[in-house]
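The next block holds one structure in the form of structure tokens; read it before the comments.
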Amino acid sequence: MDKNDKIYIAGHRGMVGSAIHRRLKKEGFENFVFRTSDQLDLRSQQAVADFFEKEKPGYVFLAAAKVGGILANNTYRAEFLYDNLMIQSNVIENSYRQGVKKLLFLGSSCIYPKLAPQPMKEDYLLTGQLEYTNEPYAIAKIAGIKMCDAYRSQYGCNFISVMPTNLYGPNDNYDLNTSHVLPALLRKFHEAKIEKKPEVIVWGSGNPRREFLHADDMADACVFLMKNYNEEGLINIGVGEDLSIQELAEMIKDIVGYKGKIVFDASKPDGTPRKLMDVSKLSALGWKAAISLKDGISEVYRNKFLVSA
Ligand code: GFB
């Protein structure tokens, strides 16, 4: 990838897409092409074909997707399957048709079986049953991985698939019905502190374990892999460490400075018990996350809730 190449970041206003844009700009890349979802509906076959024919990008970061936390995944099951299949199929097919030099497809750790051995290696894909709450999303992402591999095998396209662990960072979603756990808890603890509420409700048992990676680390890994990795299959992106939801809640409570109680709501789903990434493949290439969870959450909390308050 060099400075003259035209780069298309699909999903450039989302948490990962915007982080990739910041990361590339820092390195001096300037030749970007963007469309907001109002300007280009990535689910539309014709619109995406017209866009690629007109713009002919050289490199594509496929960071556009319908995403959300456990409740959104489980509620909007049809949309998570349809929207994601359409978006990725249109972008991948037209990247092939218009001769894109390289495409990076973003998947998710939920593509692995619900009860996969831990930490999860790339070759555990399709070795067991998926977690029900996010099966539609996982099926779409697995289809994306297989599409990249099929286009590599049949047409010789250099399309790669990366599987991030749970992400957080700037431009996250804070809507309590659709967000992931980390932004949800930041908001809940912050509001409880301001409103002097005696307790904060945390969904599920508190026992599931999750790994969290800052979006800036994720973007750094994506750019690194865009430059250095050209293989079929998938590659995990994570930090290689996890913590329980209860430990996460206590850490966030501490960072926010909330003094009340944490109460677990067992009527809400736990989801996958654990999904810790095996990151040895990525480490062997020489990449490692730089932002600690505590520092990352503190920075996000400050910028989202304190600086603008
Ligand atoms: O982040 P989260 O929604 O997604 O939930 P997943 C992680 C865990 O935190 C679950 C618990 O056990 C939740 O029950 N949790 C506790 C909460 N309190 C809250 C809360 O207030 N909000 C939320 N959202 N969770 C999603 C998948 O799985 O994550 C996707 O559904 C995707 O497919 C993604 O892969 C990264 O980690 O369970």
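Side-chain atoms of Ser153 do not come within 3.5 Å of backbone N or O of Asp149 as any donor-acceptor pair. Using modelled atom types, one side-chain atom of Lys56 and one backbone atom of Glu53 make a donor-acceptor pair closer than 3.5 Å. A donor-acceptor pair is defined here as one N or O able to donate and one able to accept, closer than 3.5 Å; no such pair exists between the side chain of Asp278 and the backbone of Pro119. Side-chain atoms of Asn84 come within 3.5 Å of backbone atoms of Phe80 as a donor-acceptor pair (strictly under, hydrogens ignored). A donor-acceptor distance shorter than 3.5 angstrom exists from the side chain of Gln118 to the backbone of Arg274, with no hydrogens or angles considered. In this structure, the side chain of Lys3 engages the main chain of Glu27 through a donor-acceptor pair within 3.5 Å. Remark: side-chain polar atoms of Lys227 are not paired, donor with acceptor, to backbone N or O of Met1 under 3.5 angstrom. Without hydrogens or angle criteria, Lys275 side chain to Ala116 main chain gives no donor-acceptor distance under 3.5 Å. The closest donor-acceptor contact from the side chain of Asn228 to the backbone of Phe224 lies under 3.5 Å. Listed for the Asp265 side chain is no donor-acceptor partner under 3.5 Å among the backbone atoms of Val202.
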Between Ser179 and Asp172, does a side-chain hydrogen bond (donor to acceptor under 3.5 Å, both in side chains) hold up when you go through it step by step? CA-CA 8 Å; Ser179 67; Asp172 209 340; over 6 Å; no

With ring-ring contact (aromatic ring centres under 6.0 Å, His included) as the test, would you mind laying out the steps for Phe189 and Tyr301 before giving the verdict? CA-CA 11 Å; Phe189 281 109; Tyr301 177 57; over 10 Å; no

From CA spacing to verdict: salt bridge (charged side-chain N to carboxylate O under 4.0 Å, His left out), Lys101, Asp5: CA-CA 10 Å; Lys101 290 183 202 159; Asp5 286 310; 2.6 Å; yes

Evaluate the salt bridge (charged side-chain N to carboxylate O under 4.0 Å, His left out) criterion for residues Arg43 and Asp41: first the C-alpha distance (whole Å), next the side-chain angles of each, then the deciding distance (0.1 Å), finally the verdict. CA-CA 5 Å; Arg43 295 168 304 181; Asp41 182 351; 3.1 Å; yes

Could you walk me through whether Arg210 and Asp242 pass salt bridge (charged side-chain N to carboxylate O under 4.0 Å, His left out), step by step? CA-CA 5 Å; Arg210 293 290 184 273; Asp242 63 0; over 6 Å; no

Pair Thr178-Asn173, side chain to side chain contact (heavy atoms under 4.5 Å, CB included): steps then yes or no: CA-CA 8 Å; Thr178 56; Asn173 167 19; 2.9 Å; yes

Start with the C-alpha gap between Thr133 and Asn73, add the side-chain angles, then the distance that decides, and say whether side chain to side chain contact (heavy atoms under 4.5 Å, CB included) holds. CA-CA 6 Å; Thr133 54; Asn73 269 265; 5.5 Å; no

Apply the test side chain to side chain contact (heavy atoms under 4.5 Å, CB included) to residues Val300 and Leu186: give CA-CA distance (whole Å), side-chain angles for both, the deciding distance (0.1 Å), then the verdict. CA-CA 9 Å; Val300 167; Leu186 273 176; 3.8 Å; yes

For a salt bridge (charged side-chain N to carboxylate O under 4.0 Å, His left out) check, start with the C-alpha distance between Arg152 and Glu231, then their side-chain angles and the critical distance, and finish with the verdict. CA-CA 9 Å; Arg152 175 181 294 276; Glu231 283 170 39; over 6 Å; no

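Put simply, CD1 on Ile245 and CD1 on Ile252 are 8.5 Å apart, with the number rounded to the nearest 0.5 Å.
Put simply, the side chain of Glu250 reaches to within 4.5 Å of the side chain of Ile262, judged on heavy atoms. Taking the side chain as every heavy atom from C-beta outward, Ile237 and Met218 approach each other to under 4.5 Å. A heavy-atom distance below 4.5 Å is not found between the side chains of Val256 and Asp254. Two residues are said to be in side-chain contact when any heavy atoms from C-beta on lie closer than 4.5 Å; Met251 and Leu293 meet this criterion. Looking only at side-chain heavy atoms (C-beta outward), Ser109 and Met277 come within less than 4.5 Å of each other.
Between Asn74 and Tyr137, the side chains place no donor N or O within less than 3.5 Å of an acceptor N or O (distance only, hydrogens not considered). Side-chain contact annotation: Ser44 with Asn90, donor-acceptor N/O pair under 3.5 Å absent. The closest side-chain donor-acceptor pair between Thr36 and Asp38, if any, does not fall under 3.5 angstrom. Side chain to side chain, Asp270 and Ser205 meet the donor-acceptor criterion of an N or O pair below 3.5 Å. Side-chain contact annotation: Lys281 with Tyr229, donor-acceptor N/O pair under 3.5 Å present. For the 3.5 Å distance criterion, the side chains of Ser18 and Asn171 qualify, holding a donor opposite an acceptor. In the model, Lys102 has a side-chain atom that pairs as donor or acceptor with a side-chain atom of Asn230 under 3.5 Å. No side-chain N or O of Gln129 forms a donor-acceptor pair with one of Lys114 less than 3.5 Å apart. For the residue pair Trp287/Asp220, the side-chain donor-acceptor check at 3.5 Å is satisfied.
Residue Gln45 places its CD atom among 12 or fewer non-hydrogen atoms of other residues, nucleotides or ligands, all under 6.0 Å distant. Within a 6.0 Å sphere centred on CZ of Phe32, other residues, nucleotides and ligands contribute more than 12 heavy atoms. Shown here is Glu79, whose CD atom has more than 12 heavy atoms of other residues, nucleotides or ligands within 6.0 Å. Around the CZ atom of Phe34, the shell of radius 6.0 Å holds more than 12 heavy atoms that belong to other residues, nucleotides or ligands. Summarising the local packing, CD of Glu195 is surrounded by more than 12 heavy atoms from other residues, nucleotides or ligands at distances under 6.0 Å. Open room surrounds CD on Glu241; 12 or fewer heavy atoms of other groups in view lie less than 6.0 Å from it.
Across all non-hydrogen atoms, the minimal contact from Gly206 to Ser244 is O-CB, 3.6 Å. Nearest approach of Cys148 to Ile92, heavy atoms of both residues: SG-CD1, 4.0 Å. Pro164 approaches Gly107 most closely through the heavy-atom pair CD-O, 3.2 Å. Here the closest heavy-atom approach between residue Pro208 and residue Thr272 is recorded as CB-O, 3.8 Å. Across all non-hydrogen atoms, the minimal contact from Pro170 to Met15 is O-CG, 3.2 Å.
Linking Ile, Leu, Val, Met, Phe, Trp and Tyr whenever their side-chain heavy atoms come within less than 4.5 Å leaves Ile142 and Leu115 in two separate clusters. No continuous path of hydrophobic side-chain contacts links Leu248 to Leu176 [ILVMFWY only; heavy atoms under 4.5 Å]. Residues Leu103 and Met226 are members of separate hydrophobic clusters, defined by side-chain heavy-atom contacts under 4.5 angstrom among Ile, Leu, Val, Met, Phe, Trp and Tyr. No continuous path of hydrophobic side-chain contacts links Phe29 to Val33 [ILVMFWY only; heavy atoms under 4.5 Å]. Residues Met163 and Leu167 do not share a hydrophobic cluster, defined by chaining ILVMFWY side chains whose heavy atoms lie under 4.5 Å apart.
At a threshold of 4.0 Å, the pair Arg23-Asp216 does not count as salt-bridged, since none of the basic side-chain nitrogens sits closer than that to a carboxylate oxygen. Taking the charged nitrogens against the carboxylate oxygens, Lys6 and Glu55 do have a contact shorter than 4.0 Å, which makes a salt bridge.
Aromatic ring centres of Phe61 and Phe105 lie farther apart than the 6.0 Å criterion allows.
The stretch residues 144-173 participates, sequence neighbours left out, in these ring-ring contact (aromatic ring centres under 6.0 Å, His included) pairs: Tyr96-Tyr151, Tyr96-Tyr155, Tyr151-Tyr155, Tyr168-His214.
Val263 forms part of a hydrophobic cluster together with Ile201, judged by ILVMFWY side-chain heavy-atom separations under 4.5 Å.
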